[in-house]
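Everything on this sheet refers to the single structure shown next.
Computed from a prediction, not measured in an experiment: that's the story for all the values here. Atoms within each ligand, like the ligands themselves, are counted from 1 in listed order.
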Amino acid sequence: MGGNSFGKIFKITTFGESHGVGIGVVIDGCPSKIPLSEKDFEYAMARRKPGASPADTLRREQDYVEIISGVFKGFTTGTPITLFIRNLDIDSSPYERIKNIFRPGHADYTYFKKYGHVDYRGGGRASARETAARVAAGVVADKIISPIGVNVIGYTIEMGGIKAKNIFIDKINESPFLCPDIDASKKIEKLIDVVRKEGDSIGGIVEIRVIGCPAGLGEPVFDKLDADIAKAIMSVGAVKGVEVGLGFSSAKLKGSQNNDPIGIDGFKSNNAGGILGGISNGDDIIIKAAIKPIPSISKEQDTIDKQGNPVKLKLKGRYDVSAIPRIIPVLEAMIKIVIADHYLRFRLNKWNGGFKI
Ligand SMILES: Cc1cc2nc3c(=O)[nH]c(=O)nc-3n(C[C@H](O)[C@H](O)[C@H](O)COP(=O)(O)O)c2cc1C
């Protein structure tokens, strides 16, 4: 199974399955002398793990990150960093009953077609559990980009069709769904309650903003910053669309409406979402991700088993109502990884010129 690595200089490789011993990440290319301890991971891991929001699953994991390699006396050494997170709250019993059945909306059918087998215990490698390793890698990436003043913030701008009308960044943490509009957040809370009782799920839209990104990051032509961002975001389960800046709405505009005029103090608007020609322009990078309703629902659904026989499936077990808000720290982490990778590549490009940002 290939495809487990991402990045060129700051390169991550994740490993592990939902109901295996644990999951983790190897980070190659992290510079030396960065202070790093197991405590550094606690805040980020707590934001991703289930239990913080009424939309979450009932699985409870400690998500303690163990540093296995690459750190000596509290500092990175420049050698591969291995981070390991044990799976402690595993209950595979609900999956025994459905081990030969393909769950609609899940990766069971396609994994079976590709590998001839499915890890039915919580989806194995396709499980959102894998994203804990990405969040841990994001903590290390943040250690590279926060000293240069880059801040990555994600929040919910729509959930179950309810839209945030006002975006007050300082209100995000007051909402269990990380929604910057408290009125919208209250409506979402009521909707979640109804949807949970119906045994159904909802999706939404998450916006991620990169503040303080220097101009010049991105490698035309195939490793454009927006191309790598799109790949990073689309590699997260349940993401079904990515927009940069005005995205799909720009298709409806005229050039005179869409262009960002440039003045002596910089760009006068930011329809481009902070990227031009695949290179950051110094403005905020604005990304939107469309998140589908999570597939595990307790409503009855039509499917087939491995022999192709029709089955009426009614899932019983511990399921989320939405991947939002848990997906937000994952998306933030992926963006941090992209920015860290491109920042290191930028420094390499400019090495001989002695260019400093
Ligand atoms: C943070 C996060 C949490 C998720 N939680 C669940 C969940 O509780 N139940 C579920 O059925 N799917 C959940 N998903 C989505 C599935 O993992 C995903 O839909 C499935 O693997 C199929 O992949 P695809 O939607 O990208 O096609 C979650 C995804 C993420 C990123």
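Between G105 and ligand 1, a contact under 3.5 Å exists for no N or O pair. Residue K240 has at least one nitrogen or oxygen atom sitting less than 3.5 Å from a nitrogen or oxygen atom of ligand 1, judged on distance alone. Polar contact check, K292 against ligand 1: a nitrogen or oxygen pair lies under 3.5 Å apart.
Within the set S322, P295, P293, the minimum heavy-atom distance to atom 16 (C) of ligand 1 is found for P295. The closest heavy-atom contact to atom 4 (C) of ligand 1, among the options A107, S201, A128, G203, comes from A128.
Contacts between R48 and ligand 1 below 4.0 angstrom, taking non-hydrogen atoms only, are absent altogether.
Each of the atoms 17 (O), 21 (O) of ligand 1 lies under 4.0 Å from some heavy atom of A126. Within ligand 1, counting atoms from 1 as listed, the ones closer than 4.0 Å to a heavy atom of D320 are 5 (N), 8 (O). Here is the list of ligand 1 atoms found below 4.0 Å of a heavy atom in G237: 26 (O), 29 (C), 31 (C). Below 4.0 Å from some heavy atom of I327 lie the following atoms of ligand 1, by number and element: 1 (C), 31 (C). Residue H106 has at least one heavy-atom neighbour below 4.0 Å for each of these atoms of ligand 1: 10 (C), 11 (O). Near V236, meaning under 4.0 Å from any of its heavy atoms, are these atoms of ligand 1: 31 (C).
A 4.5 Å side-chain heavy-atom check between F10 and V338 finds every atom pair outside the cut-off.
Here the closest non-hydrogen pair linking M159 and I324 is CE-O, 3.5 Å.
Other residues sharing the hydrophobic cluster of V26, ordered by chain and number and joined by side-chain separations under 4.5 Å: F15, V21, I68, F84. Think of F112 as one node in a network of Ile, Leu, Val, Met, Phe, Trp and Tyr side chains linked at under 4.5 Å; its network also takes in F102, Y109, V118, I304.
Under a 4.0 Å N-O distance rule, the pair K8/D228 does not qualify as a salt bridge.
Defined by atom type and a distance below 3.5 Å, a donor-acceptor pair is present between the side-chain atoms of S269 and D260. Checking R103 against Y120 by side-chain atom types alone, no donor-acceptor pair falls below 3.5 Å.
Expressed to the nearest 0.5 Å, how far CG of N173 lies from CZ of R47 amounts to 6.5 Å.
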